[in-house]
There are 2 protein chains.
Amino acid sequence: MTRKMWGLIPVLDCSQLLSLCPSQYKPSIATPKADSPPPTMSADQAFVTLATTDNYAKGAMVLGQSLRNHNTTKKLVALIGPHVAEPCRDVLGTIFDEVRVVDVLDSGDVAHLSLMKRPDLGVTFTKLHCWTLTHYSKCVFMDADTMVLSNIDELFEREELSAAPDPGWPDCFNSGVFVFTPSNETHEKLITFCSENGSFDGGDQGVLNSYFNTWATKDISNHLPFIYNLSSISIYSYLPAFKQYGHDAKVVHFLGKVKPWSYSYDNQRGELYAKSVQPLLQQAYGDSPFTSGFVEGSEEGELHQDVREHPAPPPAQKLSSNERKQRWEAGQIDYMGDDSFANIERKLDSFLK
Amino acid sequence: MTRKMWGLIPVLDCSQLLSLCPSQYKPSIATPKADSPPPTMSADQAFVTLATTDNYAKGAMVLGQSLRNHNTTKKLVALIGPHVAEPCRDVLGTIFDEVRVVDVLDSGDVAHLSLMKRPDLGVTFTKLHCWTLTHYSKCVFMDADTMVLSNIDELFEREELSAAPDPGWPDCFNSGVFVFTPSNETHEKLITFCSENGSFDGGDQGVLNSYFNTWATKDISNHLPFIYNLSSISIYSYLPAFKQYGHDAKVVHFLGKVKPWSYSYDNQRGELYAKSVQPLLQQAYGDSPFTSGFVEGSEEGELHQDVREHPAPPPAQKLSSNERKQRWEAGQIDYMGDDSFANIERKLDSFLK
C-alpha cells in the first residue's frame, strides 16, 4: 500500500487496451446518470473535480478511478471547461456519474459579468462554479492532480469550509481538497467578493482563504488532517515527519507544474493510470495523438502541445552523497534528478514497510 | 518596519564599539537577578532560550536584544551548554535576567540516566530542561535562531502547549516557539518518554510532537498564528501568501544550517546584531578571535571552527529570468544564489511598503 502510494503513475504509449475497462460505468455527458443509485449510494453527496484542459482531464480520470477503486459511496462529478475535447469527455463519462461543462463565458450570470471585469480570474470563476451544484447537499472538491489512497467518505462528516493546511503558509488552507455546501447564494457572494477583491495568489486558493478567513483561528474541526491533502513536496521538506506519518496518507497531491501523468516513465509496476485510464483513452482516441488544449495556469493562456512526451530534464551533475545531503539541507533540492520521486521512493521503500 | 524585518543581520568586523551597549543591564551569570522588577514587570513569566555553542549564543543575544527593544515585561532566561565560553556568558548576562548552565552530564537526575542510554539525544534533553524552571508560572521558549519584530507578550495568554504549525509538515508544530508551563513532573515524563520512544526526527521537535500529540486536532487556541514563528523559507514556498500576510510577522525564524549571523554581509543598513550585540562581544573578547565550540545539530558532534567567515557558496550559473522562474516553480530553488535573501529582499522591498 505504501509502496503503491509512492509509485509514480507511468504514462505508457497506449500499449494496454480495453481489458481493464470498468464496463459497469456508461458514458454520460453533461447530465446526471438516470439510473437510481445502489442502496448504499449517497445520492445527495458528491466528490467534485475540475478539468479545464485535456491534460487535467487525464488527472481527473486518475482521481475518479482511484475513488471508484476505493469503493466510494458518493457520486462523482467532473466539471470541465469548454476546451476539453469530445473523446476526453467520453472517457470522463465512463468514470464519473456527471460530467458538466462549465463555460463562464456562455453564462448570463454574475460570474460572466465579473469575468468581463477580471478576465485574469477565468479558471478561478470556473472552479467556484462548484457551489452551484445544489442538487447535492454536501460535496468534497478535489483538484485533478490529487489521488486517493483509501476510502475517504468520512470527509462528508465535516462542515463547510473544511480543508487541510497548506505547507507553504500553514495558516492558509490548501484548496486542492475541501468540503463545501453547494449554495447559489454562497456562489454569488464568492464571485462578487472575488471580482471586487481579486485573489492574492491569482487563483482560487487566494480567494477562498480571504473569503473563509476564520479557518486558521476558529474551529479545529475545519482543519482536515494533512494526510487528506499530502503534498508530494513534503517528502523533501520534512522527511522524518513523512516517515513517521506518511503511512497513513489518504490523499496525495501532486503540486507543481509538471504532473506525474505528463512524464514518460519506465513501467516498473502496473499503476492506476496505465491500468485503468490509458485503455479508456486508447478506446476514445484510437491511434490519433492525444493533444491537449491550453494548459491550466499558463500565464499567457497560449496554446501548448501535450506534454506527455515532455522530456525529463537532463540529469544534474553527479554529486557525492554528502554534497547532495548538504544541498538538500540548504534547500537546493534536485527534484527532477537525484532527489526525484523514483530515487526517493527506492530509499523510502526500506523505511516504509 | 517590514523593510527592517527582511533586512539581513550583518556581521561586522568588530567595527562598532561600546556606544550602544545597553548599560542598564548588568552581567548576571547562572543566578536570577536580585534587584526587584519594575512595577510593570511580570516576575513569574519568562522568555527562555537555549544556546549550546558560542555560535548559537550569538543568536540568543540577537533574540534577547530584540525582546528588550520591543519592551517586553517578561523575564529573559538563557539556558546554556557547558561548552559556551566565559566571555560569551558575560555578554549573555548583560542582556538576559538569568543565564543558567545546563549540563545534563553533571546532573544526577532522570535526564542524566536517560542520556546514558540515548547519547544521541543530548541536545534534546538539554532543551527539555526548560520545564524545570519552576520559579516561573509560565514560559515561552524561543529558539536562538528566532528574532522578534514586535512585542509578543500576548503569547502568555495561551496555555501549554501552544505553538505554530511547521511548514514542512503542518500537522506538526514547530518547536522553535512554544508556550509551556514549567513542571518537574512534566519534565520527568518528557525525559522518560523521550528515552523510551526516541525522537522521530532526532531532535526536540519530534519528541514534543509525539508527547503533545493532540495539538493538531484538539484545540484551535493552541495553534499560534504562523506569524509568531515565520520560517524565512516561506518567502519561497508561497510568496503570494508572504506578500499578503508577511506585513504582520511578529517572529522570524531562520531555519537552516547557516544562520544570518554566520555570514559576512555588506552593512547596507544598521541592524540589531551590528548595533547592539557585536559591541558587547567586542567588549568581552577584545581583539581575540571569536571561536565557537561544537555546532549544535552536527551529526558527528565534532569540533567546528566559527563559521562567521563562512564564504558564501559560489554563485550558480547565471540563468535567465524565465529559467529561474521555471526552476523555482519546479522546486529547484537557488537559496544561496539568485534566490538568496539579499536578492529576494530587494524585490520584496518594492512590494512591502
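In the text below, chain A, chain B and the rest are named by the order of the sequence lines, each starting its count at 1.
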Query raised in the report: Between B:P170 and A:P167, is any pair of side-chain heavy atoms under 4.5 Å apart?
Result: yes
Query raised in the report: Are any of the side-chain heavy atoms of B:D171 and A:P165 separated by less than 4.5 Å?
Result: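 Result yes, sub-4.5 Å side-chain heavy-atom pair found.
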Rounded to the nearest 0.5 Å, what separation is found between the [atom1] atom of [X] and the [atom2] atom of [Y]?
X	Y	atom1	atom2	value
B:Y238	A:Q205	OH	CD	4.0 Å
B:S199	A:Q244	OG	CD	8.5 Å
B:F226	A:C172	CZ	SG	9.5 Å

Closest heavy-atom pair and its distance - [X], [Y]:
X	Y	result
A:G168	B:S237	O-OG, 3.1 Å
A:W169	B:F242	CZ3-CA, 3.6 Å
A:F200	B:P240	O-CB, 3.4 Å
B:I220	A:T217	CG2-O, 3.3 Å

Report task. Measure distances from B:A241 to the heavy atoms of chain A and classify the residue's part below 4.5 Å as side chain, backbone, both or neither. Result ->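 Both backbone and side chain of B:A241 come within 4.5 Å of chain A.
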